[in-house]
Amino acid sequence: MRFEQLQARAKKAWQEVVSPQIPLIRMGMATCGRAAGGQELLQAFQEELAKNKIQAQFSEVGCLGLCYAEPMAEIILPGRPGVLFAKLTPAKMKKIGEDYLVHGKIVGDSALAVMGPARNGTPAFTDLPMVKGQQRTALRNCGIIDPTNLDHYLAHDGYVGLKRALSLSPDEVIAEVKTSGLRGRGGAGFPTGQKWEFCRKATGTPKYLICNADEGDPGAFMDRSVLESDPHSVLEGMALAAYAIGAEHGYIYCRAEYPLALERLDLAIRQATEHNLLGDNILGSGFNLHLKIKMGAGAFVCGEETALMASIEGRRGMPRTRPPFPANQGLFGKPTTINNVETLANLPPILAKGGAWYAGFGTEKSKGTKTFALAGKVDRTGLIEVPMGITLKEIVFDIGGGSPIGKKIKAVQTGGPSGGCIPAELFDLPVDYERLAAVGSIMGSGGMVVLDENTCMVDVARYFLEFTKNESCGKCAPCRLGTRQMHEILTDICAGRGRPGDIELLEEIGAAVRKGSLCALGGTAPNPVLTTIQHYRHEYEQHIQDQRCFAGVCKALITYSINAETCNGCRVCATNCPQQAISGEKKKPHVIDTALCIKCGICYEMCKFDAVVRQ
Amino acid sequence: MEEIKFTIDGQEVTAKPGQSVLEATLAAGIYIPNLCYDPKLEPYGGCRLCVVEIEGMRGLPTACTTKVTPGMKVRSETPEVHQVRKITMELLVADHPLECLTCSLNQRCDLQKAAAFLGVDQSRLRRSERALANDESNPFFVRDFKKCILCARCVRVCSEVRGLGAIDMAKRGYEAFISPFAGLPIADSICESCGECVDHCPTGALYVRGEAILPGKEVKTICPYCGVGCQMVLGIRQNRIVKVLGDLTYPVNSGSLCVKGRFGLDFASSEDRLKTPLIKKNGQLVEATWDEALDLVASRFKEIKKKHGGQAIAGLCSAKATNEENYLFQKFIRAGAGSPHIDHCARL
Amino acid sequence: MSKKAKKDPFASRGRKARPSQMRPKVDPSLRALLEKYPAERSNLIPLLQVVQDQHGWLTEDSMAAIAEYLHVPSSIVYGVATFYAQFYMTPQGKHRVKVCQGTACHVRGSQAIMDQLSSKLGIPPGGTTSDLLFSLERVACFGSCALAPVMVLDGKVHGRVTIKKAEKIVEGVK
């Protein structure tokens with residue numbers, strides 16, 4: 001089939017989605033939708049409809065990024081724009097079935113948005129606070145199309161970028177990407193066009209292209225979402241990159257924690273190959289590309305490119321010194337380019353619409369859009385994509401909606417274990433590569449974990465160092481021993497065993513580990529410690545000198561007690577205490593035996609009257 | 001070969017093409033602390049003690065992995081470089097038993113040397129000790145995990161030089177340790193006990209049993225075992241061999257030895273060693289001179305040949321002899337004794 | 001090579017020859033599994049994965065068989081297998097409980113969930129119950145941070161978990 005015929009077929013298929021003959025129910029079925037119970041819900045709903053003989057068809061979509069509202073379903077009635085129903089429960093779903101499917105009525109505020117103009121008090125999707133400031137490029141199709149349906153992707157300008165690129169010379173493709181100003185979205189922010197050029201000019205055959213889908217930063221999930229929700233966009237990006245650098249073989253190194261992404265990739269590769277969008281003589285251009293999926297085996301350090309290549313080669317994932325850079329000596333010693341999932345997903349629209357279009361977004365040195373995974377103590381958690389240069393305040397408050405329980409937001413942690421904590425006082429900071437680095441953090445892959453006043457910054461630093469300590473490959477001494485030493489000191493501080501001079505020692509070791517380590521894992525591992533000391537030194541001092549953790553996190557430094565005035569003796573705390581440390585008669589104030597208390601905090605969580613006091 | 005000129009801390013130094021900054025600097029007699037560097041192995045860049053500043057390069061590259069280029073300006077003694085090295089060293093020492101006086105590598109230890117060079121303050125770090133017991137399974141050497149700094153020289157020498165790969169790094173991060181297959185004792189592995197790893201260990205993590213003495217003098221000699229002719233350096237004390245090392249400068253073996261050469265020389269001072277020929281007289285072995293012995297053998301050979309023909313004689317020669325000696329021996333059996341029966345032990 | 005020639009050089013010390021030294025007696029079904037992949041070093045990790053998939057964990061024999069099949073020293077197979085967190089050298093429980101320790105999960109209290117499950121099952125993180133029913137594991141991040149805290153039981157992801165909910169999920173399979 002010629003490409004134009006494919007497109008025509010796809011347009012028809014998509015038309016059946018937007019104006020179906022019978023009601024169409026589209027469930028969000030990326031991992032987040034499933035985790036929220038989407039599958040069970042769908043099954044129950046299907047049974048319900050069958051029982052009531054209501055005709056409807058079902059399909060799956062990926063992730064719209066509004067994860068806080070999962071499980072979510074879009075219902076499209078014939079002749080009407082789709083309506084998005086959120087935070088579904090079996091009961092809610094049943095009611096919607098009656099109200100909307102049968103009677104076409106939206107009752108109360110059960111609907112989140114209309115996938116079209118606002119209607120009867122239900123806002124338009126694009127006007128939702130979480131959606132409004134967004135500019136979805138890499139995420140353009142996520143949650144919109146059925147990721148298992150190639151036609152859906154094609155109907156959204158899929159493979160148009162590739163078609164155009166194949167009519168250009170590889171150098172012209174590189175020039176277009178250079179114009180776009182796209183920088184590596186995996187964290188380091190190296191200009192993509194330049195990276196390609198190095199590899200294109202390198203001597204040696206064959207050349208390899210690797211898609212780094214080893215998204216290991218805890219707190220980041222944009223790559224997972226793209227792979228699950230729009231796998232063809234990554235494949236098209238790979239085809240573009242491979243064409244530009246002159247590679248005929250590519251690997252996708254995906255972490256094993258993402259089984260759904262692996263499944264979707266595998267299917268997408270088969271579909272693309274069947275339709276001559278991958279494989280030999282792609283779209284009749286003479287260009288060949290064969291892709292292989294390599295599944296990771298659980299090592300964070302394999303996100304580092306030299307470690308990743310070692311892992312593909314079947315070795316321990318230990319990084320090596322650069323130079324030589326992968327562009328000259330990469331996989332199996334051959335010239336290799338490694339691009340991250342998000343980078344690749346940005347490429348099809350860049351080639352379809354032109355680099356200048358993309359460069360129209362963003363700041364001077366950081367062009368385009370960036371996805372952020374918003375999580376932690378924020379109301380609207382999920383995945384967003386915004387133009388570079390947007391402020392942290394806009395992200396955390398306008399898009400994220402601030403604290404869900406009215407707590408004071410303290411900081412945002414960006415860049416995962418390689419990044420740092422940026423205090424709320426600096427939230428006017430426009431987000432781009434350079435400015436985040438200037439405050440000691442990094443863009444990283446785009447994880448943003450919001451921290452509130454109940455987050456202890458020493459504990460956060462300890463948490464990250466525990467992570468990097470466990471993930472250090474062990475090859476170089478500063479990282480292997482330095483992360484362990486810093487973790488030990490931080491654990492001591494959190495346990496009330498901090499010593500005078502520990503803060504300075506952490507700073508000194510941190511600086512040496514940063515400069516002395518072999519790879520970026522060790523080189524950035526001290527960042528969480530150094531930034532929290534920089535901005536929250538007083539919290540460290542309180543832990544060491546005053547033996548207090550005011551956030552109420554460090555168990556050794558807090559005690560639980562019951563306020564006799566607010567306690568009404570409901571016994572909820574006492575029955576739930578795993579240690580039987582709480583005693584008291586019914587309807588009389590209770591008491592916690594501090595000798596028995598293990599400070600698990602269950603009573604604090606369970607008490608509906610705020611009578612449990614944490615100090 | 002053309003020499004490359006570069007400077008280290010302002011001092012001009014020449015390097016051979018292809019040499020790393022570390023190699024050229026050490027060759028010029030200037031010490032840069034290092035632990036994982038080994039002249040026989042590929043550069044590794046693991047210990048990070050040889051970090052330097054190089055004009056035009058980002059960060060602190062390691063001298064061992066950076067090749068010298070003409071006019072390169074290297075600085076090894078800046079405060080920043082010193083600080084990174086010193087903290088790295090402190091971290092290494094905080095994880096290392098402080099028992100130098102009783103350690104078999106005392107005064108020969110690279111870690112000790114580098115620590116002395118950098119000046120290490122120990123009081124402020126949290127000390128730790130790995131909870132792995134010594135591997136005493138090998139009859140010749142001991143593996144002490146507590147003293148291991150994971151420079152991987154043993155692993156690399158076993159695979160890069162010996163081509164064997166009996167050991168590798170297992171687990172990762174602080175938990176990492178050097179291990180044969182399945183964490184078994186070394187004696188249960190494919191290890192051939194050549195001892196090359198012991199030789200290349202910069203600390204006391206691998207040490208030869210009972211070898212805790214500094215030899216009185218060193219003697220170069222050729223290994224007596226086979227025709228390869230490896231050169232070895234023997235540490236001698238009171239006329240006994242107390243230490244055996246391969247000679248790094250000798251082209252035949254460049255420092256390598258096998259299990260026999262390295263660990264099998266105790267026969268030299270054995271009570272049971274034969275030093276003169278013995279002739280059996282009246283059922284008793286009696287000491288004799290070489291002339292007596294050779295005369296007896298010659299006369300008995302002649303007798304046998306006369307009585308039963310040359311074919312009644314057979315020769316079995318030894319791998320301990322050189323090719324030339326073996327040639328002469330077969331000539332003697334074939335032409336002298338007139339027998340086709342000549343064989344060789346073919347192994348040691 | 002005859003069995004005699006490969007005899008353990010230290011056999012006199014009473015040690016049993018180990019799989020690393022002998023030509024392993026490879027189970028025919030395992031051999032068939034290995035032969036689906038070309039004998040290339042780059043297939044080492046995929047082979048470990050597929051063997052573990054089938055047997056639940058990696059035995060010494062299976063690792064030795066992979067080493068022999070790929071012609072790499074067995075120590076290297078062991079080195080690779082122990083490097084990656086997803087390979088197990090001991091039998092695992094019938095049900096795998098994995099608690100996410102990602103940042104978002106951590107600040108939303110995943111440690112308390114881990115502590116509770118750990119005391120409930122009576123095993124530390126990384127442990128397996130003696131009846132081989134449950135294994136408890138910490139996982140760095142499942143990438144479902146928006147639904148933190150997250151736990152995974154036998155491949156099924158559960159979001160917005162509380163201590164109570166976690167207990168219920170585990171009890172559900174008992």
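Here is how names work: the chains are called A, B, and so on, in the same order as the sequence lines, proteins then strands, and each is numbered from 1. Just so it is clear, the structure is predicted and the values come from calculations on it, not from any experiment.
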Q.
What part of Lys98(C) gets within 4.5 angstrom of chain A, counting heavy atoms only: side chain, backbone, both, or neither?
A. neither
Q | Interatomic distance, Ser119(C) atom OG to Ile598(A) atom CD1 [nearest 0.5 angstrom] | A | 6.5 Å
Q.
Can you confirm whether Lys165(C) is buried at NZ, in the sense that more than 12 heavy atoms of other residues, nucleotides or ligands lie under 6.0 Å from that atom?
A. yes
Q: Let me know if Lys120(C) has heavy atoms under 4.5 Å from chain A in its side chain, its backbone, both or neither.
A: neither
Q: Under 4.5 Å heavy-atom distance to chain C, tell me which part of Arg255(A) shows up: side chain, backbone, both or neither.
A: side chain
Q | Test log, rule side chain to side chain contact (heavy atoms under 4.5 Å, CB included), inputs Phe83(C) and Ser311(A) | A | CA-CA 10 Å; Phe83(C) 183 85; Ser311(A) 183; over 6 Å; no
Q: Side-chain contact test, heavy atoms from C-beta onward, threshold under 4.5 Å: evaluate it for Arg41(C) versus Glu313(A) and give yes or no.
A: no
**Q.** Check: Lys294(A) side chain, Ile45(C) main-chain N or O, donor-acceptor pair, under 3.5 Å
**A.** no
Q) Quick one: what part of Phe300(A) sits under 4.5 Å from any heavy atom of chain C, side chain, backbone, both or neither? A) neither
(Q) For a 4.5 angstrom cut-off between non-hydrogen side-chain atoms, does Phe467(A) reach Gln101(C)? (A) no
Q: Give, as side chain, backbone, both or neither, the part of Val301(A) having an atom under 4.5 angstrom from any heavy atom of chain C.
A: side chain
Q. Are Asp115(C) and Lys599(A) within salt-bridge range, i.e. N to O under 4.0 Å?
A. no
Q. Out of Gly298(A), Gly376(A), Ala36(A), which one racks up the most heavy-atom pairs below 4.5 Å with chain C?
A. Gly298(A)
Q: Just do the side chain to side chain contact (heavy atoms under 4.5 Å, CB included) check on Arg108(C) and Thr381(A) with the steps written out, would you?
A: CA-CA 13 Å; Arg108(C) 287 200 167 188; Thr381(A) 56; 4.1 Å; yes
**Q.** Heavy-atom proximity to chain A below 4.5 Å, by part of Gln116(C)
**A.** side chain
Q | Residue Lys292(A) versus chain C: region with a heavy atom under 4.5 Å | A | neither
Q. Can you name the nearest heavy-atom pair linking Cys67(A) to Ala146(C), along with the distance?
A. CB-CB, 3.1 Å
Q: Indicate whether any N or O donor in one side chain lies under 3.5 Å from an N or O acceptor in the other, for Gln86(C) and Glu257(A).
A: yes
Q.
Under 4.0 Å between a side-chain nitrogen and a carboxylate oxygen: does that hold for Glu40(A) and Lys156(C)?
A. yes
Q.
Counting C-beta onward and ignoring hydrogens, is there a side-chain heavy-atom pair between Val80(C) and Arg316(A) closer than 4.5 Å?
A. yes
Q | Residue, of Ser144(C), Cys105(C), Ala148(C), that accumulates the most heavy atom pairs under 4.5 Å with chain A | A | Ser144(C)
Q.
So which residue, Glu605(A), Gln39(A), Arg315(A), ends up with the most heavy-atom pairs under 4.5 Å with chain C?
A. Arg315(A)
Q: Measure the OG1-CE distance between Thr162(C) and Met606(A) for me, rounded to the nearest 0.5 Å.
A: 8.5 Å
**Q.** Structural part of Ile602(A) lying under 4.5 Å from a heavy atom of chain C
**A.** side chain
(Q) Within the structure provided, determine whether Gln111(C) and Asp459(A) are in side-chain contact (heavy-atom separation under 4.5 Å). (A) no
(Q) Looking only at heavy atoms and a cut-off of under 4.5 Å, which of Ala299(A), Pro218(A), Ala297(A) has the most pairs with chain C? (A) Ala297(A)
Q. Roughly how far, to the nearest 0.5 Å, is CE of Met309(A) from OG of Ser42(C)?
A. 14.0 Å
Q | Pick from Val150(C), Val107(C), Leu44(C) with the largest number of heavy-atom pairs that fall under 4.5 Å of chain A | A | Val107(C)
Q) So which bits of residues 128-143 of chain C come within less than 4.5 Å of chain A, counting non-hydrogen atoms only? A) Arg138(C), Val139(C), Ala140(C), Cys141(C), Phe142(C), Gly143(C)
Q | Contact class of Ala220(A) relative to chain C, heavy atoms under 4.5 angstrom | A | backbone
Q) So what's closer than 4.5 Å to chain C heavy atoms on Cys456(A): side chain, backbone, both or neither? A) neither
Q | Closest non-hydrogen atom pair, Ala35(A) against Leu147(C) | A | CB-CD1, 3.7 Å
Q.
So for Arg34(A), is it side chain, backbone, both, or neither that comes closer than 4.5 Å to the heavy atoms of chain C?
A. backbone
Q. Nearest 0.5 Å, what's the OH-SG distance between Tyr84(C) and Cys302(A)?
A. 4.0 Å
Q. Non-hydrogen atoms of chain C under 4.5 Å away: do they reach the side chain of Leu451(A), the backbone, both or neither?
A. side chain
Q: Name the member of Lys164(C), Glu40(C), His106(C), His158(C) that forms the most heavy-atom pairs with chain A at distances under 4.5 Å.
A: His106(C)
Q.
Does any backbone or side-chain atom of Arg160(C) lie under 4.5 Å from a heavy atom of chain A? Answer side chain, backbone, both or neither.
A. side chain
**Q.** Point-to-point distance, once rounded to the nearest 0.5 Å, from OG1 of Thr103(C) to CE of Met448(A)
**A.** 13.5 Å
